[in-house]
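To keep things clear, I will list the structure first and then write my remarks on it.
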Amino acid sequence: MADVSIRNVRKSYGKTEVVHGVSLDIPDGTFVAILGPSGCGKSTVLRMIAGLETITAGEIAIGGQVVNALEPRERGCAMVFQNYALYPHMTVADNIGYALKVAGVAKAERRRRVEEAARTVELTEFLDRRPGQLSGGQRQRVAMARAIVREPKVFLFDEPLSNLDAKLRAAMRLEIRRLHNRLKATSVFVTHDQAEALTLADLVVVMNAGTIEQIASPRDLYRHPASRFVAGFIGSPPMNMMPGVITAGGGVEIAGGGRLAIDLDDFDIEIGRAVDVGMRPEDVILDSRMQDAAATGQPALAFTAELTEELGATRLIYGKSGARDFAIAMPASSPQLPHGQVTRVHAAPARIHLFDQTTGLSLRNVARAQAQ
Amino acid sequence: MIERTPILNFVTHAILLSGLVILLLPIFIVLIATTHDLPTVNTVPMPLWPGSHMLENWSAAWTKGDFARALVNSLVVAVGVTVGKITIAALSAFSIVYFRYPGRTVLFWLIFITLMLPLEVRIVPTYAVAADALRPIKALFSLGNIDIGLPEWNLLNSYTGLILPLIATATGTFLYRQFFLTVPEELCESAKMDGAGPLRFFWDILIPLSATNMAALAVIMFVYAWNQFLWPLLVVNKPHMMTATVQLDRIVPGPLFGQPPIWNEAMAATLIVMIPPLIVVIMLQRWFIRGLIQSDK
Ligand SMILES: Nc1ncnc2c1ncn2[C@@H]1O[C@H](COP(=O)(O)OP(=O)(O)OP(=O)(O)O)[C@@H](O)[C@H]1O
Ligand SMILES: [Mg+2]
């Protein structure tokens with residue numbers, strides 16, 4: 001077990017730089033998920049930790065030792081690949097034990113450890129089979145056992161669940177988490193599935209186009225996205241976004257009509273500033289004073305429902321606010337919203353997010369947000 | 001599309017059978033010819049029923065051709081070529097596919113070009129080298145007018161001389177390269193993570209995975225080397241180094257010398273020479289098919 005420290009690491013293929021200076025400290029025993037859209041450089045970062053890619057600039061240290069110049073085998077990492085990468089001609093037992101065999105572990109000891117690892121992932125009865133005779137989920141377990149058996153300092157996972165069907169994926173997700181709770185080994189898990197990242201990880205790293213957008217716990221990531229990108233990437237359906245201007249008296253005037261109340265002390269902003277306003281579908285509140293709201297001047301947005309999706313416990317309502325797409329999520333037990341009818345909606349001031357229009361960074365006052 | 005109707009079954013089997021008959025008929029006639037004495041073989045038409053002289057024809061052919069010796073020579077050459085070829089092909093393809101070094105592509109194309117230069121085309125220079133294996137080095141030094149006084153290293157009338165030139169072709173390298181390119185990259189990375197060095201990966205992973213390829217290449221190379229005629233004829237002039245195919249030529253006395261061919265013995269010799277490659281094909285074919293069924297990448 002060891003901590004992993006990534007310091008200003010860059011990666012270029014020829015002239016094109018694909019990872020632009022990434023820094024990340026992973027404390028010992030932490031489960032970190034690297035989350036981001038396809039092609040953002042997640043795998044590249046993981047492979048640089050593993051030693052499968054050279055590090056163009058910067059430093060990676062595992063357990064305090066800089067590993068830039070070390071071979072993969074000297075780094076003490078075990079990796080689970082997306083397509084499992086099992087050796088097709090070896091039995092499950094040989095697959096699991098190969099690393100030990102290469103390391104020169106005696107046969108009896110090797111057998112004991114292989115059986116133990118197989119027991120951990122419930123594979124004992126399959127030890128004599130070949131990978132070709134296993135189902136996808138079982139192969140996945142072999143890949144896990146192969147990593148476990150080496151007792152590595154760091155576990156690396158590159159989208160290990162993406163080849164499984166939805167149900168199995170959820171089950172394996174739980175198993176991976178359970179395994180981590182038991183082994184307490186530092187783990188880095190690459191995925192583009194936010195549900196995976198949010199449920200598995202202690203710490204989520206959101207990457208975009210070769211840079212880190214935010215490093216936070218799943219809860220903070222959801223509640224306090226550090227940038228417009230993170231806000232739009234985390235949560236499904238994505239956060240509603242609209243441009244607006246800060247007005248005096250704790251309000252934000254939405255372009256195209258409507259007004260929302262905010263708590264000016266929560267943000268580092270000045271009156272008259274143009275911002276992007278974000279509101280999660282599940283934070284939207286239907287205005288109970290529907291008809292006379294305009295008369296009382298209560299801040300709200302106009303919303304016209306167009307489409308309803310029942311998802312069991314929740315109901316998603318898609319529609320328009322002015323000319324913009326807008327989504328609302330509410331409990332399935334709440335009353336139906338008739339399509340085509342204009343409704344007024346707002347959100348609690350604490351649940352409204354503001355982002356700088358050019359940099360996309362959150363304007364939330366960090367000190368206050370943390371105090372909450 | 002698989003269709004099963006009695007009529008179609010009958011037709012396909014009939015076609016299959018007639019193909020088999022067409023293939024086997026000449027060999028059958030050869031076999032019959034070895035069972036008659038010379039006058040009977042030379043009658044027209046030759047009888048298609050076996051005669052009673054089989055043993056004496058076969059033993060005459062065996063002693064005349066000195067096959068006890070020649071078959072061993074052929075076996076050594078064929079096995080040598082097969083093993084050497086597979087080793088070199090696998091290693092060179094491994095280097096080309098899995099290592100990044102300058103000149104790698106050039107190297108591959110240089111090897112590839114030899115596909116266009118079969119032994120028959122380069123037979124004169126090859127013979128010159130076989131006559132003195134150090135000659136290319138000497139030639140290189142003599143360009144700079146240096147005589148480094150290397151001894152002459154003659155490969156004529158030796159197994160080395162028979163085997164080496166037959167190993168140097170690109171087919172195997174090419175076959176292995178294509179195979180290695182189909183092996184998923186993650187296997188290599190996985191082996192790296194497991195701590196296996198390049199040779200370990202080659203030996204533990206690539207070689208077992210390519211067993212099917214190896215069987216195919218072995219069959220092809222064994223038969224190819226066994227059937228070589230021109231090269232052994234050139235580099236060997238001592239009787240004890242003759243290969244079986246060259247000996248065949250000696251059993252059928254040329255009409256130039258006024259002798260009628262002794263067909264019954266010649267046919268027996270032909271069959272003797274055919275048997276070892278046949279055994280190799282049959283043996284490896286079973287293995288080959290098993291490999292096809294089991295392996296899944
Ligand atoms: N060998 C390579 N040569 C050149 N460019 C590469 C190479 N490998 C990756 N890239 C580029 O680097 C970028 C990051 O790739 P990477 O594989 O890390 O993405 P990723 O975030 O893992 O995406 P995905 O979710 O699709 O796996 C991509 O734009 C890709 O095109
Ligand atoms: Mg990837």
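In the text below, chain A, chain B and the rest are named by the order of the sequence lines, each starting its count at 1.
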Proximity of residues 48-62 of chain A to chain B, residues having a non-hydrogen atom under 4.5 angstrom: A:A50, A:L52

Residues of residues 195-206 of chain B with any heavy atom under 4.5 Å of a heavy atom in chain A: B:G195, B:A196, B:G197, B:R200, B:D204, B:I205

Residues of residues 71-80 of chain A near chain B, each having a heavy atom less than 4.5 Å away: A:P72, A:R73, A:C77, A:A78, A:M79

Contact class of B:A191 relative to chain A, heavy atoms under 4.5 angstrom: both

CG on B:D194 to CG on A:N95, rounded to 0.5 Å: 8.5 Å

Which atom of A:A85 lies closest to which atom of B:S190, heavy atoms considered: O-OG, 3.4 Å

Residue A:L86 versus chain B: region with a heavy atom under 4.5 Å: backbone

Within 6.0 angstrom of B:F10 CZ, more than 12 heavy atoms from elsewhere: no

Over 12 foreign heavy atoms within 6.0 Å of CG, B:L17: yes

Min side-chain heavy-atom separation B:E186-A:Q82 under 4.5 Å: no

Part of A:F81 lying under 4.5 Å from any heavy atom of chain B: side chain

Listed partners of A:R111 passing salt bridge (Lys or Arg N to Asp or Glu O under 4.0 Å), at least two apart: A:E115

Flag if over 12 foreign heavy atoms under 6.0 Å of CG, A:D165: yes

